[in-house]
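Okay, so here's the structure we're looking at.
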Amino acid sequence: MSVTHRLTAPAPGWTAATDVVVVGSGVAGLTVALNVRKAGLRAMVVTKAVLDEGSTRWAQGGIAAALGEGDTPEQHLDDTLVAGAGLCDEEAVRTLVTEGPDAVRRLIATGALFDRGEDGEILLTREGGHHRRRIAHAGGDATGAEISRALVAAVRTDPGIELIEHALVLDLLTDTEGHAAGLTLHVMGEGQRDGVGAVRARAVVLATGGMGQVFSATTNPAVSTGDGVALALRAGAAVTDLEFVQFHPTPLWVGPDAEGQLPLISEAVRGEGAHLVDAGGVRFMVGQHELAELAPRDIVAKAITRRMQEQGADHMFLDGRHFGAEMWEHRFPTILATCRAHGIDPVTAPIPIAPAAHYASGGVRTDPRGRTSVPGLYACGEVACTGVHGANRLASNSLLEGLVFAERIAADLAGRHAAGELPERTVDVAAARAARPVPLPPSEARAEIQRLMSRGAGVLRSAASMADAAAGLALIAEQAHSHVAEEKPADPRVETWEAANLLLVATALVAAAAQREETRGCHWREDFPERDDAHWRRHLITTLAASGDPVSTPEEQ
């Protein structure tokens, strides 16, 4: 299989070589790099900003694993399956929950410092959908930052890991057999590796994070523009479950016109006993679910949205005043500082909140070893769809999934290397040149894509809203093609490449969401309000047609 589509970009002006190239520097990417090094393979980590700028550092709540007394992997599995609303791959979940505790212990051995009690045991809290305290945290509410710190420190001290920062990945390179043989990328900066280049490798691992920037309001950093999913689609890989975008119930509401990355108020705040209330102080989650404020995220986000609609309000409140100043200062210092920076003191006043795009439960389809449908191309972390999350991710399973499946990818690569199944690859230059260049939308299209998606494919969806979004996205694509025909194409640069990636993943997401005519997990259709297991307890698999349009096909039941 050869790559048939690529971003419009200059020819590579430089070339580098390694054994395994990893795209992304969060918990998943860095764990792969560190573990393939143990097998004697060289690794190169390519990251879009600097090493610790990805989504991992923003993870506040923690990492879920059955580490506490009385807890078991089986209980963790049960909670995950319930949250996934019938679409989890049970074997993938079983892998996660059984391998998870030891993976966390290995992370601690790498240098990650988790919060501990006076007895030296790891402190555990609860989050939505969990029936046990099983969320390990660090720095109170700075878990991701601590994990990132430890992994970055380990990577920087390993001379066998080469780092390329400020680099946007463009497209996959393959050999004549269709096996991944490297990638093209654009480095933003100075030095020998500046501009578009190529990295040759025996295998490629995508760990690029999510695509939250496809919506106007998100908790994702600005770099989360769906680059990995877009690359995989252009390379001919299958993606799945794109319609299941989790909207976090409690980002900080900072005004009616807020766009971009919003501050997150961790679910752990509710885990410690904060209440969701409306302007009148009424706890509206009580009676709606046995876990009230700690119901799975899709249920809480829907309840908040419904209450906002009923009351004509643009936000609700999270009330943690009963915690007192000492608990806020020691358990949630980051959140406290963030709220105060926005003129809100949670010690004395409820925090205004409103749902925003948070996590992509779907992504590049993988098997239990992280292999995608393109030989030699792997994926892990938020960019991947391992089957763990189903229709709705259980809180704090994301860091664990990145950790566990990154280790599995490294083990698979080590095994292939030992068996002589990971030879050096020669790039099929003719195929790379023959791939159809994708016209680039102008950089200002990014804001229009985000507005279309938030209006048409946000928390609440309908056939009409998604048809409007699809029409708007098609117009942007048509204008990009027209500008090429008129010899007025957008300049190839980071902003236009990101806009092209956002346009592709937005179009694929809307196509899948419009096809799924039911409400399940974090996919909420007002025109199909019921879950329909008879027709839709299955996945939608999305690939790119020869025309470059995403096509979603229901998996056989």
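Positions are given from 1 along the sequence. Bear in mind that the values here come from a model prediction, so they are computed numbers and not experimental data.
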Checklist line | Within 6.0 angstrom of Glu517 CD, more than 12 heavy atoms from elsewhere | finding: yes
Item checked: Partner of Val21 by side chain to side chain contact (heavy atoms under 4.5 Å, CB included), out of Leu185, Val46, Val205 -> Val46
Next item on the list: Could you tell me whether a side-chain N or O of Arg416 sits under 3.5 Å from a main-chain N or O of Glu421, the two making a donor and an acceptor?
Entry: yes
Notebook entry, point to check: Donor-acceptor pair, Arg537 side chain versus Gly86 backbone, under 3.5 Å?
Noted result: yes
Next item on the list: Starting from the C-alpha separation in whole Å, work towards a yes-or-no answer on side-chain hydrogen bond (donor to acceptor under 3.5 Å, both in side chains) for Thr80 and Asn397.
Entry: CA-CA 8 Å; Thr80 301; Asn397 268 357; 3.1 Å; yes
Margin query: Can you see whether His131 engages Asp79 through a side-chain donor-acceptor pair at a distance of less than 3.5 angstrom?
Written below: yes
Notebook entry, point to check: Can you check whether Tyr359 reaches Glu382 side chain to side chain, under 4.5 Å on heavy atoms?
Noted result: yes
Next item on the list: Find out whether Asp227 and Lys48 are in side-chain contact, i.e. whether some heavy atom of one side chain is under 4.5 Å from a heavy atom of the other.
Entry: yes
Margin query: Around atom CZ of Arg200, are there more than 12 heavy atoms from other residues, nucleotides or ligands closer than 6.0 Å?
Written below: no
Next item on the list: Report yes if the side chains of Val45 and Val32 come closer than 4.5 Å at any heavy-atom pair, otherwise no.
Entry: no
Notebook entry, point to check: Does the side chain of Leu394 reach to within under 4.5 Å of the side chain of His130, using non-hydrogen atoms?
Noted result: yes
Checklist line | Test item: side-chain donor near acceptor, Asn501 and Arg446, under 3.5 Å | finding: no
Next item on the list: Could you give me the CA-CA distance, side-chain angles and deciding distance for Thr18 and Glu162, then say whether side-chain hydrogen bond (donor to acceptor under 3.5 Å, both in side chains) is met?
Entry: CA-CA 9 Å; Thr18 188; Glu162 188 173 354; 5.8 Å; no
Notebook entry, point to check: Has the side chain of Arg433 got a donor or acceptor atom that lies under 3.5 Å from a matching backbone atom of Asp428?
Noted result: no
Note to self: Contact between Leu233 and Val229 at the side-chain level, heavy atoms closer than 4.5 Å - yes or no?
What the structure shows: yes
Check: Would a distance-only check, ignoring hydrogens and angles, find a side-chain to backbone donor-acceptor pair under 3.5 Å from Glu146 to Leu113?
Finding: yes
Check: Cationic tip of Arg493 within the cone over Trp497's six-membered ring, i.e. under 6.0 Å and within 45° of the normal?
Finding: no
Item checked: Check: Thr184 side chain, Asp171 main-chain N or O, donor-acceptor pair, under 3.5 Å -> yes
Next item on the list: Say whether, by atom type as modelled, one donor and one acceptor occur between the side chain of Asp412 and the main chain of Arg408 under 3.5 angstrom.
Entry: no
Item checked: Centroid-centroid distance, Phe247 to Phe215, less than 6.0 Å -> yes
Check: Just one of Thr176, Thr174, Asp175 clears the side chain to side chain donor-acceptor pair (under 3.5 Å) bar with Arg425, so which one?
Finding: Asp175
Check: Is the backbone N or O of Arg525 less than 3.5 Å from a side-chain atom of Thr519, with the two atoms forming a donor-acceptor pair by type?
Finding: yes
Next item on the list: Determine yes or no for a side-chain-to-main-chain donor-acceptor pair under 3.5 angstrom, with Asn220 supplying the side chain and His358 the backbone.
Entry: yes
Check: Between the side chains of Ser361 and Asn392, does any donor sit under 3.5 Å from an acceptor?
Finding: no
Check: Roughly how far, to the nearest 0.5 Å, is the CD atom of Gln213 from the CD1 atom of Ile449?
Finding: 11.5 Å
Note to self: Checking side-chain polar atoms at under 3.5 Å, does Arg393 have a donor or acceptor matched by the opposite partner on Ser398?
What the structure shows: yes
Next item on the list: Any chance you could measure Leu509, atom CG, to Thr542, atom OG1, to the nearest 0.5 Å?
Entry: 9.0 Å
Notebook entry, point to check: Do Gln515 and Ser552 have side-chain N/O donor and acceptor atoms under 3.5 Å apart?
Noted result: no
Checklist line | salt bridge (charged side-chain N to carboxylate O under 4.0 Å, His left out) evaluation trace for Arg531 with Glu518 | finding: CA-CA 5 Å; Arg531 174 169 153 175; Glu518 66 160 352; 5.8 Å; no
Checklist line | Derivation of the side chain to side chain contact (heavy atoms under 4.5 Å, CB included) call for Asp194 and Trp14 | finding: CA-CA 8 Å; Asp194 190 13; Trp14 54 269; 5.8 Å; no
Next item on the list: Evaluate the criterion side chain to side chain contact (heavy atoms under 4.5 Å, CB included) for residue pair Ile122 and Leu124; output intermediate values, then yes/no.
Entry: CA-CA 6 Å; Ile122 294 174; Leu124 302 171; 4.1 Å; yes
Check: Between the main-chain N or O of Thr47 and the side-chain N or O of Ser25, is there a donor-acceptor pair closer than 3.5 Å?
Finding: no
Margin query: Donor-acceptor check, side chain of Thr8 to backbone of Val438, threshold 3.5 angstrom: yes or no?
Written below: yes
